[in-house]
Amino acid sequence: MKRLIPLLALLLTLLVPGVGWAGVNVNTATASELESLPGIGPSKAAAIVEYRSANGAFKDLSALDAVPGIGPSTLQNIAPHVEFGEGGAAPAADQAQVTSSAPSSAETPAAPASQSGAGININAASAAQLQSLPGIGAAKAQAIVDDRNANGPFASCQDLTRVSGIGQATVANMGSDCRAE
């Protein structure tokens, strides 16, 4: 009997449409639905929804690479679990596309205004976008937004040291990923 249950589960998965094969449609999923994907927590889910709202539907897996905080490792983890069709019928992109070079600008939605130049504009980025900076997690990103709201814009990335928990080493690690406008 112990052998029969896994076999029945496998048969059910293979024979019943939609069972075990349904992916998360990144073009229609809510943030909480996106959190069911491996490696996608609340901040990455919010960043996907925010980016999708600002730039439109994702065409394929490589287009998700433009979302702050999503990189090749995350793409590889979620590839088998995502769909891109408006109704959820289109299959996810092939794993080989994850390791290919960056998509052309014609294939990728335009970058949000806070990323129009090189790096993340710390004076315009959301907390979710700030988390794509090296050394910045959810708490520090929110602290940056709170400090910016309370004290005004940062004159330079070096000014991030005025935020509790961010020191010289963190700012130095950001390098060209950070900009202040």
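Along the sequence shown, residues carry numbers from 1.
- Note that CG of D177 is 9.5 Å distant from SG of C157, once rounded to the nearest 0.5 Å.
- Rounded to the nearest 0.5 Å, atoms CG (N77) and CD1 (I70) are 10.5 Å apart.
- At distances below 3.5 Å, not a single donor-acceptor pair connects side-chain atoms of Q76 with backbone N or O atoms of S73.
- Without hydrogens or angle criteria, R179 side chain to I120 main chain gives no donor-acceptor distance under 3.5 Å.
- Within the 4.5 Å cutoff, no side-chain heavy atoms of N121 are placed close to those of Q129.
- With hydrogens and angles ignored, the 3.5 Å screen pairs no side-chain donor or acceptor of K140 with any backbone N or O of I166.
- Here the closest heavy-atom approach between residue L160 and residue C178 is recorded as CD1-SG, 4.1 Å.
- In terms of heavy-atom proximity, M174 sits nearest to P134 at CG-O, 3.9 Å.
- With I78 as the partner, the side-chain contact (heavy atoms from CB on, under 4.5 Å) test is satisfied by one option alone out of V24, I40, L34: I40.
- A distance-only check finds a donor-acceptor pair linking the side chain of N27 to the backbone of F84 [under 3.5 Å].
- Counting heavy atoms from C-beta outward, V26 and L61 have side chains that stay 4.5 Å or more apart.
- Note that CG of D159 and CD1 of I144 are 11.5 Å apart. Values are rounded to the nearest 0.5 Å.
- From S43, atom OG reaches atom CD1 of I48 across 9.5 Å, with rounding to the nearest 0.5 Å.
- When all heavy atoms of A45 and E35 are compared, the closest pair comes out as CB-CG, 3.8 Å.
- With hydrogens and angles disregarded, no donor-acceptor distance shorter than 3.5 Å links the side chain of N123 to the backbone of A180.
- Using modelled atom types, no side-chain atom of D147 and backbone atom of A143 make a donor-acceptor pair closer than 3.5 Å.
- A 4.5 Å side-chain heavy-atom check between Q131 and P68 finds every atom pair outside the cut-off.
- In this structure, R148 fails the cation-pi test against F154, since its NZ or CZ atom is not both closer than 6.0 Å to the six-membered ring centre and inside 45 degrees of the ring normal.
- A heavy-atom distance below 4.5 Å is not found between the side chains of T30 and V49.
- A donor-acceptor pair under 3.5 Å links the side-chain atoms of R52 to the main chain of A29, judged by distance alone.
- G69 and K44 get closest at one heavy-atom pair: O-CE, 3.1 Å.
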